[in-house]
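The structure under discussion is supplied below as structure tokens; questions concerning it will follow.
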Amino acid sequence: FKTLLILSIVFFPSQPGYATSKTVTIKSEASIKSILELTISQAENSELRFGNIRPSPTEETEAGPIKVAINLTCNTGQKYQVTQAIGGPLENGSGGQISPDHLKFQTFADKPIGTTINTPIPVTLASQVIYISDPEGTSNSLKAVYTLTVPPAQAPGDYSALLTYTASEV
């Protein structure tokens, strides 16, 4: 592959009374960063706090719903997904546990694009996809809505577990 460069310089004599003009070309450039961000809105709940629950000795007790607002910002033009992972069962300081399958959730998107979880399903110990964007990777906001079902005669205590959300390209 060869390139032929022809350069031609033409001089015009300057005429008296006219200034010569000079043109300068500069390079302009901008670097746009790829963005795929997930944030939890502080306007809603940033934690799942079900409060004081009085369990029934004979029946399950439901607490909630608690809504977590998840904001997704994407400019990559690529499809992405949001997953959640719970670090283990909800556990109190005495070792009492509530299995993650007693924590159910569903998701709603502000824009009617992408795929959400339309009916409540249990949280599992394995990572779960809770939202898939449209093919263009459009930014969106989600609400993850959680309810906790407390088994009959559950031991008292403050139960907790860590729930982690991750956004990644598909």
Side-chain angles (χ1 to χ4, degrees), residues 28-56 59-93 95-170:
S28 64
E29 77 180 42
S31 296
I32 308 295
K33 248 177 86 172
S34 292
I35 298 173
L36 177 54
E37 287 181 342
L38 180 150
T39 57
I40 303 296
S41 172
Q42 297 303 312
E44 294 278 340
N45 296 304
S46 58
E47 296 182 346
L48 296 180
R49 292 193 178 268
F50 290 99
N52 294 321
I53 302 168
R54 184 181 173 114
S56 166
E59 298 177 8
E60 292 183 332
T61 304
E62 189 171 289
I66 304 289
K67 295 177 186 173
V68 176
I70 303 168
N71 299 314
L72 299 153
T73 306
C74 183
N75 72 351
T76 64
Q78 300 293 314
K79 187 176 188 177
Y80 62 89
Q81 68 182 16
V82 177
T83 58
Q84 73 178 10
I86 193 164
L90 286 86
E91 193 167 337
N92 69 13
Q97 296 184 346
I98 300 175
S99 172
D101 63 343
H102 288 279
L103 183 61
K104 293 188 178 171
F105 76 98
Q106 66 187 110
T107 56
F108 303 91
D110 285 357
K111 297 177 190 170
I113 54 174
T115 305
T116 57
I117 307 297
N118 295 321
T119 56
I121 62 171
V123 171
T124 64
L125 290 174
S127 181
Q128 294 173 284
V129 175
I130 66 169
Y131 176 73
I132 300 172
S133 76
D134 62 349
E136 293 78 31
T138 304
S139 297
N140 209 343
S141 294
L142 304 177
K143 296 250 186 322
V145 181
Y146 295 87
T147 56
L148 178 65
T149 303
V150 180
Q154 180 69 40
D158 294 327
Y159 291 81
S160 65
L162 294 177
L163 193 59
T164 303
Y165 300 101
T166 304
S168 56
E169 287 185 354
V170 183

Treating Tyr80 as the side-chain partner and Thr138 as the backbone partner, does any N or O pair qualify as donor plus acceptor under 3.5 Å? yes
Do you know the tightest heavy-atom contact between Ser133 and Gln78?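 What the structure gives for the nearest pair is OG-O, 4.4 Å.
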From Ile35 CD1 over to Asn75 CG, what is the distance, rounded to the nearest 0.5 angstrom?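 Going from the CD1 atom of Ile35 to the CG atom of Asn75 covers 4.5 Å.
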Is Thr147 reaching over with its side chain to a backbone N or O of Gly64, donor-acceptor style, under 3.5 angstrom? no
Student check: side-chain heavy atoms of Glu59 and Pro152 closer than 4.5 Å: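 SC-SC contact between Glu59 and Pro152 ruled out.
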If you apply the rule side-chain contact (heavy atoms from CB on, under 4.5 Å), what do you find for Asp101 with Val123, and how did you get there? CA-CA 5 Å; Asp101 63 343; Val123 171; over 6 Å; no
Measuring from atom OG of Ser168 to atom CD of Gln81, what distance do you get when rounded to the nearest 0.5 angstrom?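 If we round to the nearest 0.5 Å, Ser168:OG and Gln81:CD are 4.5 Å apart.
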Val129 vs Tyr131 side-chain heavy atoms within contact, under 4.5 Å: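 They are not in side-chain contact.
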Working note: Thr83 + Ile130, criterion side-chain contact (heavy atoms from CB on, under 4.5 Å); need CA distance, chi angles, decisive distance, verdict. CA-CA 5 Å; Thr83 58; Ile130 66 169; over 6 Å; no
Take atom CG in Asp110; do more than 12 heavy atoms of anything else shown fall under 6.0 Å from it? yes
Is there a donor-acceptor contact under 3.5 Å from the side chain of Lys104 to the main chain of Thr149? no
Stepwise side-chain contact (heavy atoms from CB on, under 4.5 Å) check, Leu103 with Phe50: CA-CA 11 Å; Leu103 183 61; Phe50 290 99; 3.8 Å; yes
Quick one: are Leu142 and Leu72 in side-chain contact, heavy atoms under 4.5 Å?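 Touching, per the 4.5 Å side-chain cut-off.
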To the nearest 0.5 angstrom, please state how far the CD atom of Gln106 sits from the OG1 atom of Thr119.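 So the CD of Gln106 and the OG1 of Thr119 are separated by 7.0 Å.
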Any sub-3.5 Å donor-acceptor pair from Thr116's side-chain atoms to Asn118's backbone N or O?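 Checked: no pair found.
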State, with a plain yes or no, whether a side-chain heavy atom of Asn92 is found less than 4.5 Å away from one of Asp158.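 Contact flag for Asn92/Asp158 side chains = no.
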Testing the basics here: between Ser99 and Pro89, what is the closest heavy-atom pair and its distance to 0.1 Å?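 The pair with the smallest heavy-atom distance is CA-CB, 4.4 Å.
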Distance col, row Ile66:CD1 vs Arg49:CZ, nearest 0.5 angstrom, shows 10.5 Å
Grab the two heavy atoms, one from Gln128 and one from Pro122, that are nearest each other, plus how far apart they are. NE2-O, 3.0 Å
Closest approach of Pro100 and Leu125, non-hydrogen atoms and distance?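 Residues Pro100 and Leu125, closest heavy atoms: CG-CD2, 3.7 Å.
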Considering only heavy atoms from C-beta outward, does the side chain of Asn140 approach that of Ile113 to under 4.5 Å?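 Yes, at least one pair of side-chain atoms sits under 4.5 Å.
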Thr61 side chain near Gln154 side chain, heavy-atom distance below 4.5 Å: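 Thr61 does not reach Gln154 side chain to side chain.
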Calculate, to the nearest 0.5 Å, the distance between atoms CD1 and CD belonging to Ile53 and Glu62 respectively. 10.5 Å
Of Ile70, Ile117, Thr115, which meets side-chain contact (heavy atoms from CB on, under 4.5 Å) against Thr107?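 Among the candidates, only Ile117 passes.
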Side-chain touch Glu169/Leu36, heavy atoms, less than 4.5 angstrom: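 Yes - at least one pair of side-chain heavy atoms lies under 4.5 Å apart.
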Begin with the C-alpha distance, continue with both residues' side-chain angles, and end with the deciding distance and a verdict on side-chain contact (heavy atoms from CB on, under 4.5 Å) for Val68 and Phe105. CA-CA 10 Å; Val68 176; Phe105 76 98; over 6 Å; no
In this structure, are over 12 heavy atoms from other groups packed under 6.0 Å from Leu162 atom CG?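 Open: at most 12 neighbouring heavy atoms sit under 6.0 Å from CG of Leu162.
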Answer whether the closest heavy-atom distance between the side chains of Lys67 and Tyr146 falls below 4.5 Å. no
Nearest 0.5 angstrom please: Thr166 OG1 to Leu38 CG, how far?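 Those atoms lie 7.5 Å apart.
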Least distance between heavy atoms, Ser139 atom then Cys74 atom: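 Shortest heavy-atom contact: OG-N, 2.8 Å.
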